[in-house]
Amino acid sequence: MAQEETQQATSAQEQDETSVIKKHNPKKATIYSAVLPGLGQAYNKKYWKIPIVYAGIGTIFYIADMNGDYYRDYRDAFDYQAGLKTDVNEEIQSLANRYSSTSLISLRDYYRRNMELSWIIMAVWYGVNIIDACVDAHFFEYDIGDDLSLKVEPMIRTNYGETAYGYGYGKCSTGVSLKLKF
């Protein structure tokens with residue numbers, strides 16, 4: 001009988017140990033956000049950040065695509081004007097007739113630079129998304145309670161111990177005591 005109770009107590013203790021509260025895992029949040037932007041924020045239960053992540057991605061993608069379209073148009077217009085490309089539409093032909101070759105080259109380079117810069121900014125935004133998920137996961141279980149206080153009090157401390165004349169009060173020190181509670 002006593003042996004059964006001991007086995008039941010042991011199995012109950014093992015169940016309690018296995019049902020320990022799972023800690024929020026920053027590594028998991030980082031991987032989730034790297035695989036799919038915004039998924040790490042969802043894992044951290046910061047759902048309000050997901051539209052911000054996708055609005056940034058969408059905006060940067062739109063700007064990169066627009067600059068890419070302009071870059072290809074001015075590139076094709078320059079190639080048409082130089083005789084390298086003959087089968088272009090009327091819009092490209094009008095660009096080639098409207099601008100000089102140096103203007104087409106500078107416009108082409110301008111939009112190419114902006115397109116490449118947009119893709120770099122997209123990579124940075126993607127990285128910020130991952131970093132945000134990781135940092136949020138680290139602070140997920142951090143308690144920011146209502147009881148944050150700082151007490152400043154005057155302090156007088158006397159040391160009781162051996163003095164030159166035997167035992168008694170020795171040095172007396174005064175100052176300020178700071179107590180931070182969080």
Please check if atom CD in Glu90 has more than 12 non-hydrogen atoms from other residues, nucleotides or ligands closer than 6.0 Å. no
[X] vs [Y] aromatic rings, parallel, tilted or perpendicular, using cut-offs 30° and 60°?
{"X": "Tyr32", "Y": "Tyr43", "result": "perpendicular"}
{"X": "Tyr99", "Y": "Tyr74", "result": "perpendicular"}
{"X": "Phe61", "Y": "Trp119", "result": "perpendicular"}

Report the C-alpha separation of Gln41 and Asp136 in whole Å, then their side-chain angles, then the decisive distance to 0.1 Å, and conclude whether the side chain to side chain donor-acceptor pair (under 3.5 Å) test is met. CA-CA 8 Å; Gln41 284 75 6; Asp136 260 353; over 6 Å; no
Between atom [atom1] of [X] and atom [atom2] of [Y], what is the distance when rounded to the nearest 0.5 Å?
{"X": "Asp109", "Y": "Leu104", "atom1": "CG", "atom2": "CG", "answer": "11.0 Å"}
{"X": "Leu107", "Y": "Tyr70", "atom1": "CG", "atom2": "OH", "answer": "11.0 Å"}
{"X": "Met66", "Y": "Ser118", "atom1": "CE", "atom2": "OG", "answer": "8.0 Å"}
{"X": "Ile92", "Y": "Arg72", "atom1": "CD1", "atom2": "CZ", "answer": "10.5 Å"}
{"X": "Asn25", "Y": "His138", "atom1": "CG", "atom2": "NE2", "answer": "9.0 Å"}
{"X": "Ile57", "Y": "Ile52", "atom1": "CD1", "atom2": "CD1", "answer": "12.0 Å"}

Check whether any side-chain heavy atom of Lys49 sits under 4.5 Å from a side-chain heavy atom of Asn129, and report yes or no. no
Which atoms form the tightest heavy-atom contact between [X] and [Y], and what is the distance?
{"X": "Ala77", "Y": "Ala96", "answer": "O-CB, 3.6 Å"}
{"X": "Asn44", "Y": "Phe140", "answer": "O-CE1, 3.2 Å"}
{"X": "Asp76", "Y": "Lys85", "answer": "OD1-NZ, 3.0 Å"}
{"X": "Ala137", "Y": "Ala29", "answer": "CB-CB, 3.7 Å"}

In terms of hydrophobic clusters joined by side-chain contacts under 4.5 Å, are [X] and [Y] together?
{"X": "Leu36", "Y": "Tyr126", "value": "no"}
{"X": "Tyr47", "Y": "Leu39", "value": "yes"}
{"X": "Tyr62", "Y": "Trp125", "value": "yes"}
{"X": "Ile63", "Y": "Val53", "value": "yes"}
{"X": "Val128", "Y": "Met122", "value": "no"}

Result of checking Val124, Ile121, Ile120 against Ile60 for side-chain contact (heavy atoms from CB on, under 4.5 Å): Ile121
Contacts of Tyr71 that satisfy ring-ring contact (aromatic ring centres under 6.0 Å, His included) - sequence neighbours left out: none
Please confirm whether the backbone N or O of Lys23 pairs with a side-chain atom of Glu141, one donor and one acceptor, at under 3.5 Å? no
Just by distance, do the side chain of Ser94 and the backbone of Glu91 share a donor-acceptor pair under 3.5 Å? yes
